[in-house]
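Structure, as structure tokens:
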Amino acid sequence: MRRALPSWHSRTLRTRTHRICEANPVALKVLAYDRTLDGAPDRIEKQIVRIDSSGGAKTSFTAVQSAADFVRLGFVREQRGLYTFLGPDAETLLDNEFTAGYCFWVHEPDGARVNQVGLVFEPAGRRRGRVDIAGTLWVDTAARALRDIDFAFVGTGKQIGAPEPGGHIWFREMPNGVVLIDRWFLRLTCAGVDTLDRTRFRGPPLWENYLHDVGGEVARASWPDGQSWRASLGTVRLHLDDQFGRPERRQSIRLDGTDYAGTPDSAGNIVIPDLLPGPYAVVVVDAMSGVTMPTALRFSALRDSVMQFSIVAPSAERFQKKACLGDRRNTWTIGRAQRMDGKGVAGIRWDVGIDLNESSEIVFASGKTDGDGAFGFCSSLLRDRRLGVRVADNGAPQNVVIRTLEDVASSFVVTLP
């Protein structure tokens with residue numbers, strides 16, 4: 001049987017909703033994510049995180065259509081097999097048009113929710129082809145404040161699959177009394193999602209045995225009067241050294257699949273704050289080429305925690321090799337500087353170019369040999385038949401060897417005196 005929304009709840013919630021929608025302009029840092037879950041809600045297999053910073057916003061999350069349209073059209077759109085899930089906000093659920101089309105009643109007491117009352121809602125009537133929502137809106141009766149909304153989509157049919165998707169929205173009162181939606185997510189089955197759109201959720205019509213959580217979280221909020229708020233998220237501190245144990249400053253760090261990134265200071269240190277809980281993989285980015293290289297570092301961030309790690313950055317040669325092999329026409333050419341007895345010469349300079357040791361010389365690639373005397377460069381350089389290699393042993397003129405590379409294939413040896 002349909003019941004009206006209790007009057008004191010109606011007044012309280014509408015007042016809180018007004019405070020949400022009429023908030024002073026706020027600068028927000030919002031983290032939008034798409035998580036693949038490994039068969040259980042608390043096991044995150046991987047995640048994509050995007051950072052959206054905006055100033056002058058009124059709120060963090062707003063429904064994309066009116067309550068009347070939700071009641072008339074439902075909460076899912078389908079176009080050419082692509083399903084767009086639409087999330088409600090508090091104003092939608094308390095709008096007269098919505099309450100006229102839905103039934104409300106008081107939820108049974110929940111021992112885990114002290115001083116909270118739940119208002120259950122479900123559609124008053126069902127219509128074929130329309131997807132509705134059903135759930136519970138929880139209110140703190142002591143603080144007269146919204147706490148969260150838990151809902152599920154109903155009427156999705158076999159084309160969406162099972163389990164039926166749903167979502168959750170949390171509210172938080174800021175230090176200045178403004179109420180913001182600080183967290184939200186929609187749980188989808190096998191979804192492909194544009195995570196920067198915080199109110200639309202897309203998924204294909206086929207069910208597979210994994211779930212996606214798609215949503216967002218406010219990391220920081222600040223107002224023109226100087227008041228601010230920050231969520232309890234994780235932080236990672238990284239120290240980056242080069243292969244010789246010196247602080248690396250020419251390369252930067254990124255957490256793979258995310259917008260989290262940082263550049264080392266003079267001591268090789270990087271701090272990345274506001275990490276959402278979940279797994280991350282660290283990659284190193286070359287400042288010159290923009291090429292990324294994976295590292296062995298994997299970690300899981302936790303709320304209100306700081307983690308510290310040290311990384312040895314890949315050598316510049318490894319970046320160059322990866323960039324070279326990005327073109328299938330290229331191969332990586334390896335040279336080796338050695339003595340007459342066959343022992344490699346480590347740490348000496350090499351150059352590849354044209355007219356070496358002439359006033360018109362042009363150097364295309366250079367570096368120092370590794371511990372075995374080896375070095376490498378991109379074979380695309382060998383298309384110039386005038387190319388040569390110069391290996392300088394301690395810089396002494398009598399120990400400089402210049403060799404023409406026109407007959408070189410993929411490897412060669414330079415023998416020093």
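No experiment lies behind these values; they were computed from the predicted model shown.
Proximity of D52 to K29: side-chain heavy atoms (C-beta onward) are nowhere separated by under 4.5 Å. Here the side chains of L180 and M174 are in contact, with some heavy-atom distance below 4.5 Å. Taking the side chain as every heavy atom from C-beta outward, S228 and W223 never approach each other to under 4.5 Å. In this structure, D241 and E248 have side chains that are not in contact, with every pair of non-hydrogen atoms separated by 4.5 Å or more. Side-chain contact between I311 and H239: absent, with no pair of heavy atoms (C-beta onward) separated by less than 4.5 Å. Taking 4.5 Å as the limit, some side-chain heavy atom of V284 sits within range of a side-chain heavy atom of I253. Using a 4.5 Å heavy-atom threshold, the side chains of L233 and L302 count as separate. Residues F151 and P88 have side chains in contact (heavy-atom distance under 4.5 Å, counting atoms from C-beta outward).
For the pair T369 (side chain) and I348 (backbone), a donor-acceptor distance under 3.5 Å is present. For E45 (side chain) and P279 (main-chain N/O), no donor-acceptor pair under 3.5 Å exists by modelled atom type. With hydrogens and angles disregarded, no donor-acceptor distance shorter than 3.5 Å links the side chain of D256 to the backbone of V282. Counting only distance, with no hydrogens or angles, the side chain of D370 and the backbone of A374 share a donor-acceptor pair below 3.5 Å.
Between E217 and Y33, the side chains place no donor N or O within less than 3.5 Å of an acceptor N or O (distance only, hydrogens not considered). Using a 3.5 Å distance cut-off with no hydrogens or angles, the side chains of T136 and D150 do not pair a donor with an acceptor. Side chains of T92 and D95: no donor on one and acceptor on the other come within 3.5 Å.
Judged by a 6.0 Å distance limit and a 45° cone about the ring axis, R147 is not positioned over the six-membered ring of W138.
In terms of heavy atoms, S300 sits closest to M307 at O-SD, 3.4 Å. Nearest heavy-atom pair across D148 and H168 is OD2-NE2, 2.8 Å. When all heavy atoms of P277 and R303 are compared, the pair lying nearest together is CG-CG, 3.6 Å. Pairing each heavy atom of G376 with each of W332, the nearest pair is C-CZ2, 3.2 Å. In plain terms, the two heavy atoms of P165 and R187 that are nearest each other are CB-O, 3.0 Å. Shortest non-hydrogen contact noted between D274 and L31 is O-CD1, 3.3 Å.
By the 6.0 Å contact criterion, CZ on R130 is enclosed, its count of non-hydrogen atoms from other residues, nucleotides or ligands being greater than 12. Shown here is Q338, whose CD atom has more than 12 heavy atoms of other residues, nucleotides or ligands within 6.0 Å. Remark: K46 NZ is loosely packed, at most 12 non-hydrogen atoms of other residues, nucleotides or ligands lying under 6.0 Å away.
With respect to the salt-bridge test (charged N to carboxylate O, under 4.0 angstrom), the residues R172 and D182 qualify.
Remark: Y280 OH to L275 CG distance equals 5.0 Å, nearest 0.5 Å.
Ring centroids of F75 and F70 are separated by less than 6.0 Å, placing the two rings close together.
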I would like to know whether T141 and N115 meet side-chain hydrogen bond (donor to acceptor under 3.5 Å, both in side chains); could you show each step before the answer?
CA-CA 6 Å; T141 57; N115 295 328; 5.0 Å; no

